[in-house]
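All remarks here apply to the structure that follows.
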Amino acid sequence: MHVPDGFFDLPVSVGAGAVAVAGLAVCLRGARRELDDRTAPMAGLVAAFIFAVQMLNFPVAAGTSGHLLGGALAAILVGPYTAVLCVSVVLLVQGFFFADGGLTALGVNITLMAMVTAIVGWGVFRLITRSAPGSRAVIVAASFVAALVSVPASALVFTLLFWIGGTAPIDVASVAAAMGGVHVLIGIGEGLITSLTVSSVLAVRPDLVYGARGLAKRLVLRTAEGIEAPLVAAPATGEAPVGRIRPLLIGGGLVAILLAGVVSFYASGSPDGLEKVAADKGLNAHEEEHGLSDAPLADYGVKGIEDERLSVGLAGVAGVGITVLAGGAVFYTVRRRRRHRAAV
């Protein structure tokens, strides 16, 4: 789903860039309400996990593959505003370090892969969880549906943008059917990955799932006099110390490194949904080579290392590290601004 350079004309590229900048500005403000001592480090982990899993293309049809977009997953785990920032950090790292996703199409990619998926995914998730009794099963089921719907939604917005300002003539109905059809299949994979991840976090630390806040009632101790008191006192700030979530952060980080550094070598080599439709429908008639195609980590391999397995593995691990550092810088900066405003 990473749009390369040359797919869109200048007005749409600039317009999407303006939408992306405005959206990120709104999300930076909104994330102040979501990022606390728990979600700030979680957001860095979520960004790194999304980077790692996006390296794992899975087959969805003959000669076609797909990969996680991650907007719905991030929204459910750390909140919708922070989710847009998470996926945007991943896209920036991919675009500037791995030559994945065009630089002139960066605004388009942030709009489609970060904003649309997070907004649609979170909207569907909230619609389901507000309509059904709160339980872990409902949270997991809602995660699956939200993630599934977010992928074809993003694909159809791409089709609309291409109809408005694509660099090749298209039959919009035909392209919409092709994009929607293949991305529904990819959405099923997205839903499975998302629901499995959310379920895993719920099993060990349900308090760290943003979309499940309020699900569990606070435990109380009832005395002989009938007075109820908290069984475990919460910190004065209402936030869990970072040390208490360190095992999850370490474990999640190791999983991301394993996926990017080892499992990614076995990912499907088939073109993804957008690449397949673009080739079949002629959308790529004016595709341009990435401006950073000679970068040391371009195409998810380390230049100069002949062993392909080692090259891909080292690039994947480097990507996880870069994403953690970049994401951590963003999220902790936003977190500090929240503390500063609270102090004032």
Would a distance-only check, ignoring hydrogens and angles, find a side-chain to backbone donor-acceptor pair under 3.5 Å from [X] to [Y]?
X	Y	value
Asp37	Ala40	no
Ser195	Leu192	yes
Thr111	Gly107	yes
Lys303	Ala295	yes
Thr167	Phe7	yes
Ser174	Ile170	no
Thr64	Val60	no

We want to know whether Ser65 and Asp272 form a side-chain donor-acceptor pair, criterion being a heavy-atom distance below 3.5 angstrom.
no
Within the 3.5 Å criterion, strictly below it, is a donor on Glu34 or Thr39 matched to an acceptor on the partner's side chain?
no
Taking side chain as C-beta onward, heavy atoms only, is Pro80 less than 4.5 Å from Ile119?
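With C-beta onward as the side chain, the pair stays apart.
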Under 3.5 Å donor-acceptor pairs involving side-chain atoms of residues 87-103, not counting sequence neighbours:
| from | atom 1 | to | atom 2 | distance (Å) |
| --- | --- | --- | --- | --- |
| Ser88 | OG | Val84 | O | 2.7 |
| Gln94 | OE1 | His2 | NE2 | 2.7 |
| Gln94 | NE2 | Gln54 | OE1 | 2.7 |
| Asp100 | OD2 | Tyr300 | OH | 2.6 |

Is [X] linked to [Y] within one hydrophobic cluster, defined over Ile, Leu, Val, Met, Phe, Trp and Tyr using a side-chain heavy-atom separation of less than 4.5 Å?
X	Y	result
Phe49	Leu325	no
Val317	Phe51	yes
Leu10	Val12	no
Val172	Val277	yes
Met115	Met113	yes

What do you reckon, is CG of Asp307 surrounded by more than 12 foreign heavy atoms closer than 6.0 Å?
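More than 12 within 6.0 Å, yes.
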Counting only heavy atoms not in Tyr81, do more than 12 sit closer than 6.0 Å to its OH atom?
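At most 12 heavy atoms, drawn from other residues, nucleotides or ligands, come within 6.0 Å of this atom.
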Do Asp36 and Arg336 meet the salt-bridge criterion of a basic N to acidic O distance under 4.0 Å?
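The answer is no: the pair does not qualify as a salt bridge.
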Charged N-O contact under 4.0 Å between Asp171 and Lys281:
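Salt bridge absent between Asp171 and Lys281.
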Sub-6.0 Å ring centroid separation between Tyr210 and Trp122:
yes
Sequence-distant partners of Ser311, side-chain hydrogen bond (donor to acceptor under 3.5 Å, both in side chains), two or more places apart
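Expected list: none.
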For residues 256-270, dump all side-chain donor-acceptor pairs below 3.5 Å to protein atoms at least two apart in sequence or in another chain.
| from | atom 1 | to | atom 2 | distance (Å) |
| --- | --- | --- | --- | --- |
| Ser264 | OG | Ala260 | O | 2.5 |
| Tyr266 | OH | Arg309 | NH1 | 2.5 |
| Ser268 | OG | Ser270 | N | 3.2 |

